[in-house]
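Here is the structure we will look at.
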Amino acid sequence: MKGIYKAVKIAERVYWVGAVDWNIRDFHGYRTKRGSTYNAYLIVADKITLLDTVREPFYEEMMARIASVVDPARIEVVVSHHAEMDHSGSLPRALQAVRPKEVYASVMGAKALKEIFHDAVAVKAVRDGEKMSLGDMSLTFLETRMLHWPDSMISYLEEGGVLFSQDAFGMHLASSARFADEIDPAVLDYEGGTYFANILLPYAPLVAKLLDRVKASGFTINMIAPDHGPVWRRDLERPLANYARWAAQEPGPKGVVVYGTMWHSTETMARHIGEGMADKGLEVKVMSLDTNHRSDVAYEILDAGALVVGSSTLNNQMLPAVADVMTYLKGLRPRNLVGAAFGSYGWSGEAAVHLTEIMKEMNVRVLADPLRVRQVPDERALAECVALGARIGEECLKTMEGSEGEQGG
Ligand code: FEO
């Protein structure tokens, strides 16, 4: 079994020694429909160094890949860029097996690892900007607090110009290909965007600052090696430009209508609102929560300018699937959206009112009172839905013009 797992050389004396999790489909509510990888890297410097580990069940796979290059007992230094268990889960077993001389994390990382593993892991803290000699090679560390945990950091290997970017520039994508240039670019953009929308969106302003900091660092980056998905060795402008665009959260000419429906009346309203937005020139996505997952909704709003949410009223509340997606979206803190709420109801109709309150809490610029229709919408009600969609479409386009003007100024 061990013999089948081999390391993959990604740069001179640098190897991928991670694991492929083909079948993971859920990351705390984010649906990972293409699986994932947990990337660990081995630097064969004078001081042989392991960067990160893998989720605990994949420990043997990681160790076998390491053993295909060097005897794991020769590892002198272990670095944990991020304490989350998809990267640190194998750390206690790896440390026991390898017994490295030094284990490093950021200041917050050392604290987090202590809280997670207690006395099983003893870690020294590295400072932000610290350059560490590995003998004939060197690593420089940059803290990336709240991207996306307080402990997160990245590192730069001067020899070879490799940026080990941790969760940043990664994606949940299981593949036998180790390099991004071996994968369909449309898949990379989609999975990279889905990852950003579901993991990094709340911290988008910090991503923008990080990009500036990396630019100002003077690092010559030839390769970006994240902790999930493929390694970027060519066309680095692609992930960098994508991140700059997603982090800016400029509203796009796109409206997302999300809804839950009981007997299709709210659905009919959703479709008419969508038509109204499309009439004004928006790209429209109409998403039933019977068939769309919350993480797909998060992806769609990444480049949208309008969000419209509908729900039937059930026992004086919104439908459970709608409450689920709103809790999720609120946590992701999307910015620069206009929108409104709507829904059909039988006798009390609270759902659209509650949705409006939540959207305001999310800082969505709500453009209208909740549009509520008793029972089944008639022609007049449907015309109101089209008119609401049109109004939202117009405002979305105006907001875009405003934000372009601000940028130009
Ligand atoms: Fe991939 Fe935040 O761990």
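We count ligands from 1, going down the list as the structure has it; atoms in each ligand are counted the same way. What you see is a predicted model, and the numbers here were worked out from it, not measured in a lab. All values below come from the heavy atoms of this structure, side chains included, with hydrogens, waters and symmetry mates left out.
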Within 2.8 Å of atom 1 (Fe) of ligand 1, is there any N, O or S atom belonging to His82?
no
Should [X] and [Y] count as an ion pair when the cut-off is N to O under 4.0 Å?
{"X": "Arg294", "Y": "Asp324", "answer": "yes"}
{"X": "Glu191", "Y": "Arg34", "answer": "yes"}
{"X": "Arg65", "Y": "Glu61", "answer": "yes"}

Show, in sequence, the C-alpha distance, side-chain angles and deciding distance for Glu357 and Lys360, and conclude whether the salt bridge (charged side-chain N to carboxylate O under 4.0 Å, His left out) test is met.
CA-CA 5 Å; Glu357 288 162 4; Lys360 286 179 179 170; over 6 Å; no
Does either side chain, that of Tyr59 or that of Arg93, offer a donor lying less than 3.5 Å from an acceptor on the other one?
no
Of all the N, O or S atoms in Asp86, which has the shortest distance to atom 1 (Fe) of ligand 1?
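Considering only N, O and S atoms, Asp86 comes nearest to atom 1 (Fe) of ligand 1 through OD2.
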Measure from atom 2 (Fe) of ligand 1 to every N/O/S atom of His148 and report the name of the nearest one.
NE2
N, O or S from Glu84 under 2.8 Å to atom 2 (Fe) of ligand 1:
yes
If the cut-off is 2.8 Å, does any N/O/S atom of Asp167 fall short of it from atom 2 (Fe) of ligand 1?
yes
